[in-house]
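For reference, the structure discussed in these notes is given below.
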Number of protein chains: 2
Amino acid sequence: MITKIKLNRKQQIIEKATQLFQKQGYAATSMRDLAGFIGIEAASLYSHIKSKEEILQTICFQMAEDFFQSLDACELANEQADVKLKEAVVSHVEVLTRDTAASAVFVSEWRHLSEPYLSDFLSMRNQYENKFIQILIDGNKAGIFKALDAKFTVLALLSSVNWMPAWYKPNGKLSPREIAENVTDVFINGLKVR
Amino acid sequence: MITKIKLNRKQQIIEKATQLFQKQGYAATSMRDLAGFIGIEAASLYSHIKSKEEILQTICFQMAEDFFQSLDACELANEQADVKLKEAVVSHVEVLTRDTAASAVFVSEWRHLSEPYLSDFLSMRNQYENKFIQILIDGNKAGIFKALDAKFTVLALLSSVNWMPAWYKPNGKLSPREIAENVTDVFINGLKVR
DNA sequence: CCTACCGATCGGTAGG
DNA sequence: CCTACCGATCGGTAGG
């Protein structure tokens with residue numbers, strides 16, 4: 001089963017590359033580094049992947065998909081804006097902590113994507129942020145949230161959790177949901193009209 | 001005045017390098033890139049600087065110094081914890097927005113420092129964060145702030161403003177102080193015991 | 001500040 | 001998956 005072996009090897013390459021991209025950055029990670037950690041020659045990597053950037057593309061777009069899927073699975077149609085926002089952030093943090101290395105690459109290394117991938121990526125990120133922005137706007141209209149620049153607030157909110165992949169230890173006391181709730185409660189209580 | 005010319009040239013090199021490090025990342029910026037933008041040969045850079053990393057060190061440690069100076073200038077001894085925290089964050093944001101390119105490098109590129117600079121840098125950053133942590137702890141003891149993991153909260157708080165250098169436009173409507181107050185008010189209101 | 005150049009390393013290909 | 005190798009580029013130095 002050559003195909004199966006290759007698939008596993010490809011997964012292994014992407015996983016190790018993800019770790020190295022997180023630790024050293026994409027540009028400072030060489031294909032020889034990567035090959036060395038896997039135990040093959042650099043040239044052999046190219047039996048499994050097309051290019052160095054293809055690995056980065058795989059990581060970034062897979063993460064983007066995960067964020068969208070998790071958010072869409074939230075079933076928030078009938079909730080109040082504050083509950084919606086909280087669940088959306090919890091969903092976001094759960095994805096962030098599911099694979100911390102891939103999340104860190106997603107957050108920090110996307111700018112090394114070349115066109116047209118870079119534009120696609122930024123477009124998806126904008127769409128994602130817009131879902132949060134809409135919740136803030138709706139919540140303000142409903143008299144739940146203060147009148148603040150929605151985009152600005154969402155960027156601050158997402159940034160306040162996006163550092164977590166670099167720090168999160170899966171063996172810590174708090175679950176991702178608990179962590180997310182702690183952060184979000186502070187933020188949302190501050191957003192609320194009192 | 002050879003010395004004066006050299007000093008200006010050195011400043012120019014560091015300034016342009018700061019812009020390139022922000023846009024492309026430290027590792028993806030070559031000395032030939034940098035020299036090209038300045039209009040000299042790559043080899044000529046080394047009449048003014050010792051190495052590529054020296055530029056990064058200059059940026060990172062100058063910014064660190066600026067953050068400390070600004071915070072120390074706050075004169076917070078006699079204030080309540082919530083005022084202290086607010087002023088400390090305002091100070092932080094004012095430094096962040098004073099030179100957005102240098103701030104972005106400070107926030108994102110420090111990991112490319114080699115030892116012992118890396119350890120020194122992280123030690124300074126820890127000291128800085130500890131000043132914020134202490135404000136949270138004192139505020140909790142005084143019954144002003146909720147009981148939250150202080151370190152965790154400070155990291156979330158600082159992260160929620162550290163993305164700003166990448167976005168801030170000096171010609172925007174809000175001053176750095178106003179921006180900082182907006183962000184901080186949300187956060188601090190959420191932290192407060194109600 | 002330049003020319004000339006160094007050894008090292010880069011991502012990637014050819015061919016097996 | 002390896003050997004052998006490509007052209008390009010890297011940070012940096014010598015010497016003027």
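The chains referred to below are lettered A, B, ... by the order of the sequence lines, with proteins before strands, and numbering in each begins at 1. Basis for what follows: all heavy atoms, side chains included, without hydrogens, waters or symmetry-related copies.
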If you restrict it to nitrogen or oxygen atoms, what contacts under 3.5 Å exist between nucleotides 14-16 of chain D and the protein, and what is each distance?
none

According to the Watson-Crick and G-U wobble definition with distances under 3.5 Å, which dot-bracket string, read 5' to 3', encodes DNA chain D, using [ ] for crossing pairs and | for pairs with another strand?
-> ||||||||||||||||

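When the nucleotides C:dC1, D:dC10, C:dG11 are ranked by their closest atom to the side chain of B:S44, C:dC1 comes out on top.
Atom OH of A:Y46 and atom P of C:dT13 are 7 Å apart (whole Å). Atom CE in A:M31 sits about 14 Å away from atom P in D:dC2, given to the nearest Å. As rounded to whole Å, 12 Å separates atom P of C:dG11 from atom NE2 of A:H112.
Within residues 15-30 of chain B, the residues that have a heavy atom under 4.0 Å from DNA chain D are, in order of number, B:T29, B:S30. Listed by residue number, the members of residues 33-40 of chain B with any heavy atom below 4.0 angstrom from DNA chain C are B:I40.
Between A:S47 and D:dC1 there is no side-chain N or O to OP1 or OP2 distance below 4.0 Å. At C:dC1, one or more side-chain N or O atoms of B:R9 fall inside 4.0 Å of OP1 or OP2 (strictly under the cut-off).
A donor-acceptor pair is defined here as one N or O able to donate and one able to accept, closer than 3.5 Å; such a pair exists between the side chain of A:E178 and the backbone of A:S175. Distance alone, capped at 3.5 Å, places no donor-acceptor pair between the B:S91 side chain and the B:E87 backbone. Under a 3.5 Å cut-off, the side chain of A:N130 and the backbone N or O of A:N126 do form a donor-acceptor pair. Proximity of a side-chain donor or acceptor of B:S160 to a complementary backbone N or O of A:A156 within less than 3.5 Å is not detected.
Here the CD atom belonging to A:E109 is positioned 8.0 Å from the OG1 atom belonging to A:T29, to the nearest 0.5 angstrom.
Listed by first and then second residue, the salt bridge (Lys or Arg N to Asp or Glu O under 4.0 Å) pairs involving residues 53-67 of chain B are B:K50-B:E54 (not counting sequence neighbours).
Residues B:E94 and B:R98 are not paired through a salt bridge, judged by the lack of any N-O separation under 4.0 Å between the basic side chain and the carboxylate.
Nearest heavy-atom pair across B:C60 and B:F106 is O-CD1, 3.5 Å.
Residues passing the ring-ring contact (aromatic ring centres under 6.0 Å, His included) test with B:Y128 are B:F67, B:F68, B:H92, B:F132, sequence neighbours excluded.
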